[in-house]
Amino acid sequence: MSVAQDPFSLSGKRVLVTGASSGIGRQIAITCSQMGAQLVITGRNTERLEATATALHGEGHTAIPADLSQQQGLDLLADQAGALNGVVHAAGISKLVPFRLISKSHLDEIFDSNTYAPLLLTKGLLARKRIASNGSILFISALSSHSGAMATSAYAASKSALLGAMRSLALEVAKQGMRANCIAPGYVRTPMLDGLGQGGGNMDALFDLTPLGMGDPEDVAYASVFYLSDASRWVTRNYFILDGGLSTPMDIYA
Amino acid sequence: MDNIEAFIEKFIAAVDFQEQVAITPETKLEDLPEWDSLAALGVIVMFDMEYGKTITGEHLKKAATVQDLYQLLA
Ligand SMILES: NC(=O)c1ccc[n+]([C@@H]2O[C@H](COP(=O)([O-])OP(=O)(O)OC[C@H]3O[C@@H](n4cnc5c(N)ncnc54)[C@H](OP(=O)(O)O)[C@@H]3O)[C@@H](O)[C@H]2O)c1
């Protein structure tokens, strides 16, 4: 099948990926470039962002460092991103904090990066008419938005907030032919997960419960390619759980 | 830095013991009935919030007594 006929190809599409300096966002950027997309990548750490830029296939990619918990960073990125066919919000942070120790500053920190950043960036891009009709907006939520693992109240809340926001947004942009969806990954082998293990989380028991074991960033990247490509042109307001089979016995309703 | 008495007070608050326990520097963590993974997380967060110090689950595994925990502050 030629690239032009292949509905899964990203050739001719320009895609913005946040969180591209590490883990899942990094792999989404690399895989999208392999599928023919031109990338705009962003993250805070310039060194690791450059390393991702070097790993991208093909030419014409752009790297824009920005802290998306700051309005300045959001504006800068929306100003410089250029025309886009797809946006993947993969930036996010996670911290294990028992409920009795949560505070306004903890909630603010988590919500700034995980909820406000993707919503306000999308708003900034829409206001500047940066997203083409037929464009795809993809939020990386998390399985814990439903499953609420221990000591993740703020994180789980910040990620489930994306679900409602995405559904409403998708309704509003449908008339411009745009789509919005969430992917909710289970446990994926990344620096974030390593950090949680060191932060006292007991991860091994969870992996034992996952029929297909722990996921890799590639697994989220392949699903993202589907959501960005024309193959998913009839898919919107969708919340896609991607977890190696972990949550099936949990009776989770999206 | 706090003295060990002040540290023990913060430790007790972080674990949030439901049953009162007497804690000395020599108290063994594994002897505390309420010492579990959530309690350990509370201590990790307490180190961060109260002392600006990042400790990991590995550090906690190596600490046998309350005194060992206190020494992580050094
Ligand atoms: N790993 C998992 O098991 C898992 C499961 C479910 C969902 N997720 C979600 O998947 C996404 C990626 O996670 P990951 O595991 O790949 O984590 P990661 O390796 O820690 O990467 C997180 C990325 O987000 C960026 N970021 C965080 N806060 C930012 C901010 N304020 N402004 C700009 N960039 C920011 C980081 O940039 P710098 O490093 O440059 O600071 C980094 O590139 C997150 O949204 C996470 O919640 C992960």
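Here is how names work: the chains are called A, B, and so on, in the same order as the sequence lines, proteins then strands, and each is numbered from 1.
- Annotation: the span from Ser141(A) atom OG to His89(A) atom NE2 amounts to 12.5 Å, rounded to 0.5 Å.
- When Lys95(A), Met150(A), Arg100(A) are compared by the number of non-hydrogen pairs under 4.5 Å with chain B, Arg100(A) comes out ahead.
- Of the atoms belonging to Leu60(B), not a single heavy atom falls under 4.5 Å from chain A.
- Residues Leu121(A) and Leu77(A) are in side-chain contact: their nearest non-hydrogen atoms beyond the backbone lie under 4.5 Å apart.
- One distance of note links OH of Tyr239(A) with OG of Ser160(A); it measures 6.5 Å at 0.5 Å rounding.
- Judged by distance alone, with hydrogens and angles left aside, the side-chain atoms of Glu26(B) form no donor-acceptor pair with the main-chain N or O of Gln67(B) at under 3.5 Å.
- More than 12 heavy atoms of other residues, nucleotides or ligands shown are found within 6.0 angstrom of CZ on Phe111(A).
- Taking 4.5 Å as the heavy-atom cut-off, the residues of residues 3-16 of chain B that approach chain A are Ala13(B), Ala14(B), Val15(B), Asp16(B), ordered by number.
- Side-chain contact of Tyr70(B) with Asp2(B): a donor-acceptor pair under 3.5 Å is absent, judged by distance alone.
- Looking at every heavy atom in both residues, Asn114(A) comes nearest to Gly92(A) through OD1-CA, 3.2 Å.
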